[in-house]
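Everything numeric here is computed off the predicted structure, so don't read it as measured data. For the single chain, residues carry numbers from 1 onward in sequence order.
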Amino acid sequence: MGTLLSLSSSVALSSTFSKMSDTFPEIKSKHSLVAKYVTEPLWEKLSRAKTKTSGFTLSKAIACAVEFDNQHCGIYAGDWDSYKVFADVFDPLIQEYHGISADSVHTSDMDVNKIKGNIDPKAPVHSTRIRVGRSIDG
C-alpha cells in the first residue's frame with residue numbers, strides 16, 4: 001500500500017506516535033484513503049487498541065499519512081493482527097484501493113497452460129516486471 005519506510009523515516013515517525021496519543025490526529029495527507037476512512041468515531045473506537053502479536057496501534061499504522069502530505073493510501077499493517085484489530089479501517093480502504101467488493105474471494109491458478117495472449121510477433125516483449133506480495137504471518 002505504499003513504499004516501505006526507511007530507518008530514518010521510522011525514527012522520525014516515532015516522535016509522531018507519542019504526539020498522537022488519544023486525540024484525533026491531523027492527517028496531512030488530506031486526499032489519502034486514511035483521511036477518508038479514519039473518522040473521529042472510528043478513532044475513538046480503535047485508538048487505544050493494540051495487536052497481540054506486536055502491540056501495533058492505529059496510530060502507528062497511519063503515521064505516514066499524519067506525518068507526510070503525499071500519501072495515497074497512508075496506512076501500513078504492522079503485523080497480521082492489524083487486519084483484524086483495525087478491520088473497520090483496513091477493510092473498506094483495501095476494498096476501495098483494489099476496487100473489490102466486501103464479499104470478494106481471492107483465487108490463485110498457477111497453471112501456465114491456461115494463459116491466453118495475443119503477442120504480436122512483430123513487437124515481441126523484451127522484458128516485463130512481475131510484482132509478488134505475501135501475507136504477513138506472526
Enquirer: Could you tell me if S104 and H106 have a donor-acceptor pair between their side chains, going purely by distance under 3.5 Å?
Expert: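 There is no such pair (donor and acceptor under 3.5 Å, judged by atom type) between the side chains of H106 and S104.
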
Enquirer: Would a single hydrophobic cluster contain both I100 and Y37, if residues Ile, Leu, Val, Met, Phe, Trp and Tyr are joined by side-chain heavy-atom contacts under 4.5 Å?
Expert: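 No, separate clusters.
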
Enquirer: Might you work through the salt bridge (Lys or Arg N to Asp or Glu O under 4.0 Å) test for K45 and D88, ending with a clear yes or no?
Expert: CA-CA 10 Å; K45 178 181 176 183; D88 290 345; 2.4 Å; yes

Enquirer: Please name the pair of heavy atoms, one in K30 and one in A35, separated by the smallest distance, quoted to 0.1 Å.
Expert: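 Where K30 meets A35 most closely, the heavy atoms are O-CB, 3.3 Å.
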
Enquirer: Please determine whether side-chain contact (heavy atoms from CB on, under 4.5 Å) holds for the pair L33 and H72, giving the CA-CA distance in whole Å, both sets of side-chain angles, and the decisive distance to 0.1 Å.
Expert: CA-CA 6 Å; L33 294 175; H72 173 67; 4.3 Å; yes

Enquirer: Students often mix this up, so state it plainly: with edges at 30° and 60°, are the rings of W43 and F24 parallel, tilted or perpendicular?
Expert: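 Perpendicular, since the angle between the ring planes exceeds 60°.
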
Enquirer: Using side-chain heavy atoms (C-beta onward) and a distance below 4.5 Å, is Y83 in contact with I94?
Expert: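 Y83 reaches I94 side chain to side chain.
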
Enquirer: How about S47 and T57: do any of their side-chain heavy atoms sit closer than 4.5 Å?
Expert: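 Not in contact.
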
Enquirer: Drop me the distance from S59's OG to L46's CG, to the nearest 0.5 angstrom.
Expert: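 It is 12.5 Å, given to the nearest 0.5 Å.
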
Enquirer: Measuring only between side-chain heavy atoms, which start at C-beta, is I75 closer than 4.5 Å to F90?
Expert: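 They are in side-chain contact.
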
Enquirer: Rounded to the nearest 0.5 Å, what separation is found between the CD atom of E44 and the OG1 atom of T23?
Expert: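 Here the rounded value is 9.5 Å.
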
Enquirer: Looking at D109 and K114, does any basic side-chain N land under 4.0 Å from a carboxylate oxygen?
Expert: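 Yes.
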
Enquirer: Measure the spacing between NZ of K60 and CG of L58 and express it to the nearest 0.5 Å.
Expert: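 Output value for this atom pair is 12.0 Å.
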
Enquirer: Run H31 and S29 through side-chain hydrogen bond (donor to acceptor under 3.5 Å, both in side chains) and show every step you take.
Expert: CA-CA 6 Å; H31 301 289; S29 290; over 6 Å; no

Enquirer: Counting N and O atoms only, with roles assigned by atom type, does the side chain of D81 sit under 3.5 Å from a partner on the main chain of T53, one being a donor and the other an acceptor?
Expert: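 Judged by distance alone, yes, a pair lies under 3.5 Å.
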
Enquirer: Going from CG on D79 to NZ on K50, what distance comes out if it is rounded to the nearest 0.5 angstrom?
Expert: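 Spacing of CG (D79) from NZ (K50) equals 12.5 Å.
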
Enquirer: Locate the shortest heavy-atom distance separating F56 from S82; write the atom from each residue and the value.
Expert: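 Between these two residues, the closest heavy atoms are CD2-OG, 3.6 Å.
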
Enquirer: Would you say that L93 contacts F86 through its side chain, given a criterion of any heavy-atom pair below 4.5 Å between the two side chains?
Expert: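 Heavy-atom side-chain distance check fails, nothing below 4.5 Å.
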
Enquirer: Please walk me through it: do Q71 and K28 pass side-chain contact (heavy atoms from CB on, under 4.5 Å)?
Expert: CA-CA 9 Å; Q71 302 296 299; K28 289 184 180 174; over 6 Å; no

Enquirer: Work out which heavy atom in G74 is nearest to a heavy atom in A65; give both atom names and the distance.
Expert: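 Scanning both residues completely, I find the closest heavy atoms to be O-CB, 3.5 Å.
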
